[in-house]
*Asks:* 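Let me begin by handing over the structure; questions about it come next.
Lettering follows sequence order; numbering is per chain, from 1.
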Number of protein chains: 2
Amino acid sequence: METFNHTNSSSPGAAHQSGKLLVVKIGGNIIDDTAKLNAFLRSFASIPAKKILIHGGGKLATRLAEQMGVEQQMIDGRRITDAETLKIVTMVYAGYINKNIVAQLQANHCNAIGLSGADGGLILAHKRKHASLDYGFVGDIDHVNTDLLQTLLDKDIAVVAAPITHDAKGLLLNTNADTIAQEIATALAPLYDVSLIYSFEKNGVLLDVEDENSVIARMNASYYAELKEKQLIFAGMIPKLDNAFAALQKGVAKVIIGKAEQLQQLVDGASGTTISHE
Amino acid sequence: METFNHTNSSSPGAAHQSGKLLVVKIGGNIIDDTAKLNAFLRSFASIPAKKILIHGGGKLATRLAEQMGVEQQMIDGRRITDAETLKIVTMVYAGYINKNIVAQLQANHCNAIGLSGADGGLILAHKRKHASLDYGFVGDIDHVNTDLLQTLLDKDIAVVAAPITHDAKGLLLNTNADTIAQEIATALAPLYDVSLIYSFEKNGVLLDVEDENSVIARMNASYYAELKEKQLIFAGMIPKLDNAFAALQKGVAKVIIGKAEQLQQLVDGASGTTISHE
């Protein structure tokens with residue numbers, strides 16, 4: 001845990017003294033659709049709580065790589081972040097997407113600040129080590145600078161984080177945005193009443209993957225175990241849900257999964273899937 | 001002038017209460033040379049004062065535009081920032097260059113945060129209006145958010161500003177880095193003892209433009225008037241020097257012009273040209 005110098009900080013352990021905090025991940029497909037993205041940002045801007053937005057990259061980086069003639073390396077079906085790809089994702093994620101999101105939020109009277117993990121030492125990571133596969137410049141997270149986040153949040157500044165971290169030795173690293181959202185949410189859980197929201201193009205966790213209306217509105221650990229037991233959870237959702245329950249274990253109050261266009265309803269529990277201890 | 005909410009802030013008018021501040025502009029040619037840039041950043045990181053770095057763009061944006069097949073529009077010898085060029089400079093300046101500078105400073109134990117003018121509403125600008133020429137997405141500065149800068153500087157965070165501003169209506173704007181440096185320096189002059197440093201590839205202001213060793217070490221307004229009168233100032237330097245004297249008029253303690261590789265000597269007055277009231 002961080003030590004705190006800021007005058008508004010609590011003593012460590014005084015949980016939730018700073019009120020509600022939304023940590024919202026916005027998925028790639030929305031990033032690629034300007035109209036949907038701007039509607040989402042208007043909604044995000046209008047929510048009065050303290051808030052952090054983590055964005056993915058969408059298809060812009062792939063398109064730019066094609067335009068620049070940089071081939072995407074794939075090994076065993078996995079994309080490898082080589083030096084040229086790292087340059088592209090730094091430009092697109094921390095530059096183009098991050099700054100346009102911030103400018104749109106400012107236009108909607110939400111004072112936002114866009115950061116990569118290098119900025120203010122926000123997210124320290126290390127280059128991924130793997131026995132047989134070199135992922136290239138991909139980062140696994142070691143530490144989140146909660147002091148910086150608290151300073152900004154206490155000044156009612158919304159933080160917009162790009163999925164780029166650093167290793168404190170001069171390397172920038174491409175890092176999964178879902179993981180960044182989870183690490184930020186759990187790091188801040190001792191300080192705020194944190195809701196972690198994964199917003200994307202789906203309505204929520206579905207009981208029937210073919211039926212967008214079969215959203216499971218509420219889920220706790222025992223119900224999740226029961227659904228897994230009956231093999232009623234789509235295999236692709238299991239890692240996400242395991243992560244959601246891990247976040248609850250680490251102090252996040254609730255995890256909400258649902259449609260980006262319904263952000264306010266997700267926050268209110270009126271849409272999507274809410275995962276909590278209850 | 002800004003109003004201050006931060007607990008460490010002075011009451012407005014208590015000039016220079018917060019100590020020395022360096023506002024350093026690093027020119028384009030250094031940005032393009034990784035070895036020189038990294039040496040400069042090591043030197044910048046080692047200076048114990050509060051500090052702000054403003055970087056230009058270098059030739060990376062032009063190279064990327066070529067690689068992407070985006071033609072640079074020139075009208076009457078001036079580069080026009082069209083929509084595609086704005087996208088490129090946002091990626092290169094606020095993304096690639098800004099984040100790599102921040103990562104290098106972090107590696108040198110300098111806690112830096114990279115910002116565009118949109119971030120935290122740092123620099124509000126408007127799209128340039130010109131009677132006969134449309135410069136495109138180019139910004140002229142209206143306001144600098146000194147409250148945000150003071151909050152970060154008071155936490156010993158060095159600010160790294162990219163030459164991109166915003167209009168608070170959702171537009172990002174390409175903005176001259178020299179001008180940003182000057183506007184930041186003058187906005188903070190009531191709060192700090194500000195030295196504004198323009199560092200580039202030259203030794204300083206030269207008496208003889210052919211002789212790199214003819215640096216004018218010190219210059220005040222009357223000496224400048226005398227040199228201009230005798231036509232001993234290279235025409236290309238006159239706008240820069242006029243701006244330097246304007247900054248002095250607005251409260252900046254001194255303006256120093258000189259070689260990026262000698263940053264520490266520039267700060268100490270042992271190299272370059274120091275422009276002050278003395």
Side-chain angles (χ1 to χ4, degrees), chain A residues 5-8 38 41 60 64 67-70 86-109 111-122 124 145 147-148 151-152 154-155 157-158 160 162 164-173, chain B residues 5-8 38 41 60 64 67-70 86-109 111-122 124 145 147-148 151-152 155 157-160 162 164-173:
Chain A
N5 301 316
H6 194 261
T7 49
N8 288 339
N38 288 348
L41 294 173
L60 280 171
L64 181 61
Q67 220 176 335
M68 290 171 66
V70 173
L86 177 67
K87 186 173 174 178
I88 289 170
V89 297
T90 302
M91 293 196 296
V92 173
Y93 300 169
Y96 184 74
I97 295 175
N98 192 268
K99 298 318 163 198
N100 275 287
I101 286 176
V102 168
Q104 283 303 319
L105 290 175
Q106 295 285 355
N108 285 289
H109 311 291
N111 189 10
I113 193 166
L115 302 177
S116 76
D119 295 304
L122 180 62
L124 182 69
N145 183 348
D147 183 38
L148 175 65
T151 299
L152 297 169
D154 283 352
K155 291 184 74 74
I157 297 175
V160 180
I164 301 286
T165 59
H166 81 134
D167 73 350
K169 294 169 195 157
L171 266 192
L172 295 167
L173 294 162
Chain B
N5 300 316
H6 194 261
T7 49
N8 290 339
N38 288 350
L41 293 173
L60 281 171
L64 181 62
Q67 220 175 336
M68 291 171 67
V70 172
L86 177 67
K87 186 173 174 179
I88 290 170
V89 298
T90 302
M91 292 196 296
V92 173
Y93 301 170
Y96 184 74
I97 295 175
N98 192 269
K99 298 317 163 200
N100 276 287
I101 286 176
V102 168
Q104 283 303 319
L105 289 174
Q106 294 285 355
N108 286 290
H109 311 292
N111 190 11
I113 194 167
L115 303 177
S116 76
D119 296 304
L122 180 62
L124 181 67
N145 182 348
D147 184 39
L148 175 66
T151 299
L152 296 169
K155 291 184 74 74
I157 297 174
V159 175
V160 180
I164 301 287
T165 59
H166 81 134
D167 72 349
K169 292 169 196 158
L171 266 192
L172 295 167
L173 294 162

*Asks:* Using every non-hydrogen atom in the two residues, find where Ala107(B) and Gly170(A) come nearest and quote the distance to one decimal.
*Replies:* CB-N, 3.4 Å
*Asks:* Between His109(A), Met68(A), Lys169(A), who has the most heavy-atom pairs with chain B when the cutoff is under 4.5 Å?
*Replies:* Met68(A)
*Asks:* With a 4.5 angstrom heavy-atom cut-off, which part of Asn108(B) approaches chain A: side chain, backbone, both or neither?
*Replies:* neither
*Asks:* Find the one option among Asp167(A), Ile97(A), Leu115(A), Val102(A) whose heavy-atom pairs under 4.5 Å with chain B are most numerous.
*Replies:* Val102(A)
*Asks:* Out of Ala103(B), Gly69(B), Ala158(B), return the one with the most heavy atom pairs under 4.5 angstrom to chain A.
*Replies:*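 Answer, by heavy-atom pair count under 4.5 Å with chain A: Ala103(B).
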*Asks:* Flag the pair Lys87(B) / Leu64(A) as yes when at least one side-chain heavy-atom distance between them is below 4.5 Å, and no otherwise.
*Replies:* no
*Asks:* Which of the residues Gly121(A), Gly117(A), Ala162(A) is involved in the greatest number of heavy-atom pairs with chain B at under 4.5 angstrom?
*Replies:* Gly121(A)
*Asks:* Taking the side chain as everything from C-beta on, heavy atoms only, tell me whether Leu148(B) gets closer than 4.5 Å to Ile157(A).
*Replies:* yes
*Asks:* Please tell me if the side chains of Lys99(B) and Asp119(A) come closer than 4.5 Å, counting only heavy atoms from C-beta onward.
*Replies:* yes
*Asks:* Would you compute the distance between atom CE of Met91(B) and atom CG of Asn98(A) and round it to the nearest 0.5 angstrom?
*Replies:* 14.0 Å
*Asks:* Heavy-atom distance under 4.5 Å to chain B: side chain of Asn38(A), backbone, both or neither?
*Replies:* neither
*Asks:* Please round to the nearest 0.5 Å and tell me the distance separating atom CG of Leu124(B) and atom CD of Gln106(A).
*Replies:* 9.5 Å
*Asks:* If you count heavy-atom pairs under 4.5 Å between each of Gly114(B), Gly120(B), Ala168(B), Ala112(B) and chain A, which one has the most?
*Replies:*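 Result: the option with the highest number of such pairs is Gly120(B).
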*Asks:* Answer with side chain, backbone, both or neither: which region of Leu60(B) has an atom nearer than 4.5 Å to a non-hydrogen atom of chain A?
*Replies:* side chain
